[in-house]
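Worksheet: one structure, shown below.
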Amino acid sequence: GRIAFTTDSYVVTPIFFPGGDIGELAVNGTINDLAVGGARPLALSMAFILEEGLPMNDLRRVINSARDAAARAGVPIVTGDTKVVGKGSGDKIFINTSGIGVVPAGVDLSSRFIAPGDVVILSGTVGDHGATIMCQREALALEAGGALRSDTAALHELCAAILDACPRVHAMRDPTRGGLAAVLVEIATRNCLGIDFDERAVPVNASVRAVCELFGLDPLLLANEGKLVAFVPADDAAAALGAMRAHPLGRDAAVIGRVTADASGLVTARTPLGGRRILDLPYAEPLPRIC
C-alpha cells in the first residue's frame, strides 16, 4: 500500500459542547481525513497550545476525552507536545494533530475520478455539529434543544465497509467546515461537472432545522464532524447505500443526487417547493472557529 499523512488544527469554541469536546474532535477529525482518502489510520500525534490560566481540570478532561476517542477508534496517540502562551495570547486551548495511515493496494480515491452519472450518497443528517456549537455560543435553549448534539465520530470503519461493498467508489469527502455545500461546489467547479440534487432527500434533524430558521442559515452550509459524502458509479449505488445503512454511523444514509455532464460546474438543487436554485458558498464564513 501507500503511506497517507495528514495534519489539522482545532480551535473550536466553546471547547466543551453536547456530544463531544475539542479533544475528541481533534482525534476523530484527523482519523476522518485519512479515512475518506481510503487509508487505514495507524497512529496520531497531538500537540497542545495552552493559554496561561487554563484550569487543570479542563486540561485533564480534554486529555482523557482524546485518549478515550483514540482507544474507541483503535488508533493510538503515539507522540505529542505542549506549549504555553501568555494570558490573552490564545484562547484556552488549541490542538494540532497529525495522522499517518496506509492506503491498501488497489484503493485509489480522488475527485478526478468523479464522472457524469455518478450517484451522490450522504451518510446521514447534516448540520448537527454547526447547530450545536451555535446554540452553545448563543446560550440558546430550544424546546428541542435536548436533541442538539455534535455528530463527531470516527468514520474509518464506515469508510472501510463502503470500500468492501463497493471497491469502485470514486471519491469520499467529509463535509466539515462549509458543510455539504462546500463539498459539492468544490467538486463541481474543480472538475467542470454539474451536480443535481434534491434538497428533500437530504436528511436534517428537526432541531437543526429549527436553529437554521431562527438564525436564517442554510443547513447545507453548516459543519459536520461525523458524516461523509460518497461518489459512486450508478451500478454500485445500491451496494454502497446498503453498506452505509448497515453501519450505525450510516443508518440515515440517503441518495441525494447525481453528477451530470454540465461543464458549467454548477450545483443545482431541487427545492421542497418544486423550484430549482443554484447552490453557492457564502461570501463570509457563517460560523468561525467551528472545528
Side-chain angles (χ1 to χ4, degrees), residues 8-33 36 65 69 91-92 94-95 120 122-155 158 172-187 197 199-229 249-250 252-254 256 267 269 272 277 279-291:
D8 205 350
S9 298
Y10 295 84
V11 296
V12 64
T13 183
I15 62 173
F16 303 110
F17 44 83
D21 59 53
I22 191 172
E24 181 179 0
L25 189 69
V27 169
N28 290 340
T30 304
I31 288 173
N32 294 347
D33 285 344
V36 296
S65 178
D91 187 1
K92 296 181 181 178
F94 299 152
I95 299 178
V120 184
L122 175 66
S123 67
T125 57
V126 298
D128 298 84
H129 179 71
T132 299
I133 297 298
M134 176 167 287
C135 285
Q136 289 296 298
R137 290 185 190 175
E138 301 296 330
L140 184 64
L142 301 176
E143 290 184 4
L148 275 175
R149 296 178 62 82
S150 171
D151 60 343
T152 180
L155 297 171
L158 176 60
M172 291 189 284
R173 289 286 187 275
D174 52 334
T176 53
R177 188 172 54 199
L180 176 62
V183 169
L184 298 182
V185 171
E186 174 198 351
I187 286 176
F197 78 101
E199 286 190 51
R200 295 167 296 184
V202 177
V204 183
N205 284 325
S207 51
V208 172
R209 197 176 297 280
V211 170
C212 289
E213 291 176 355
L214 183 64
F215 286 100
L217 296 175
D218 187 340
L220 301 177
L221 293 168
L222 291 184
N224 312 273
E225 293 294 341
K227 302 298 188 304
L228 66 83
V229 184
L249 295 178
D252 296 321
I256 64 169
V267 179
R277 69 178 176 116
L279 189 65
D280 202 356
L281 298 180
Y283 291 107
E285 193 172 9
L287 194 63
R289 295 190 57 187
I290 191 70
C291 59

pair [X]-[Y]: side-chain heavy atoms closer than 4.5 Å:
{"X": "Leu222", "Y": "Cys212", "result": "yes"}
{"X": "Phe197", "Y": "Val120", "result": "no"}
{"X": "Ile290", "Y": "His129", "result": "yes"}
{"X": "Phe94", "Y": "Arg289", "result": "yes"}
{"X": "Asp128", "Y": "Arg149", "result": "no"}

Legend entry - Heavy atoms from other residues, nucleotides or ligands near CZ of Arg173 exceed 12 (cutoff 6.0 Å): yes
How long is the span from the [atom1] atom in [X] to the [atom2] atom in [Y], to the nearest 0.5 Å?
{"X": "Leu180", "Y": "Leu279", "atom1": "CG", "atom2": "CG", "answer": "7.5 Å"}
{"X": "Ile22", "Y": "Thr13", "atom1": "CD1", "atom2": "OG1", "answer": "8.5 Å"}
{"X": "Asp174", "Y": "Leu158", "atom1": "CG", "atom2": "CG", "answer": "11.5 Å"}
{"X": "Leu184", "Y": "Ile256", "atom1": "CG", "atom2": "CD1", "answer": "5.5 Å"}
{"X": "Asn32", "Y": "Asn224", "atom1": "CG", "atom2": "CG", "answer": "11.0 Å"}
{"X": "Thr132", "Y": "Phe17", "atom1": "OG1", "atom2": "CZ", "answer": "8.5 Å"}

Looking only at heavy atoms, what is the nearest atom pair of [X] and [Y], with distance?
{"X": "Ser65", "Y": "Asp21", "answer": "OG-OD2, 2.8 Å"}
{"X": "Glu225", "Y": "Cys291", "answer": "OE2-CB, 3.3 Å"}
{"X": "Ile95", "Y": "Gly23", "answer": "CD1-CA, 4.0 Å"}
{"X": "Thr152", "Y": "Gly19", "answer": "CG2-O, 3.4 Å"}
{"X": "Pro288", "Y": "Arg137", "answer": "O-NH2, 2.7 Å"}
{"X": "Pro203", "Y": "Ala254", "answer": "CD-CB, 4.4 Å"}

Tell me if a side-chain donor or acceptor on [X] pairs with a main-chain N or O of [Y] at a distance below 3.5 Å.
{"X": "Asp218", "Y": "Leu220", "value": "yes"}
{"X": "Arg277", "Y": "Ala269", "value": "no"}
{"X": "Ser123", "Y": "Leu228", "value": "yes"}

Inset, instruction - Check the pair Leu155 / Ile31 against side-chain contact (heavy atoms from CB on, under 4.5 Å), numbers first and verdict last. - result: CA-CA 7 Å; Leu155 297 171; Ile31 288 173; over 6 Å; no
Legend entry - Stepwise side-chain contact (heavy atoms from CB on, under 4.5 Å) check, Thr125 with Asp151: CA-CA 9 Å; Thr125 57; Asp151 60 343; 5.9 Å; no
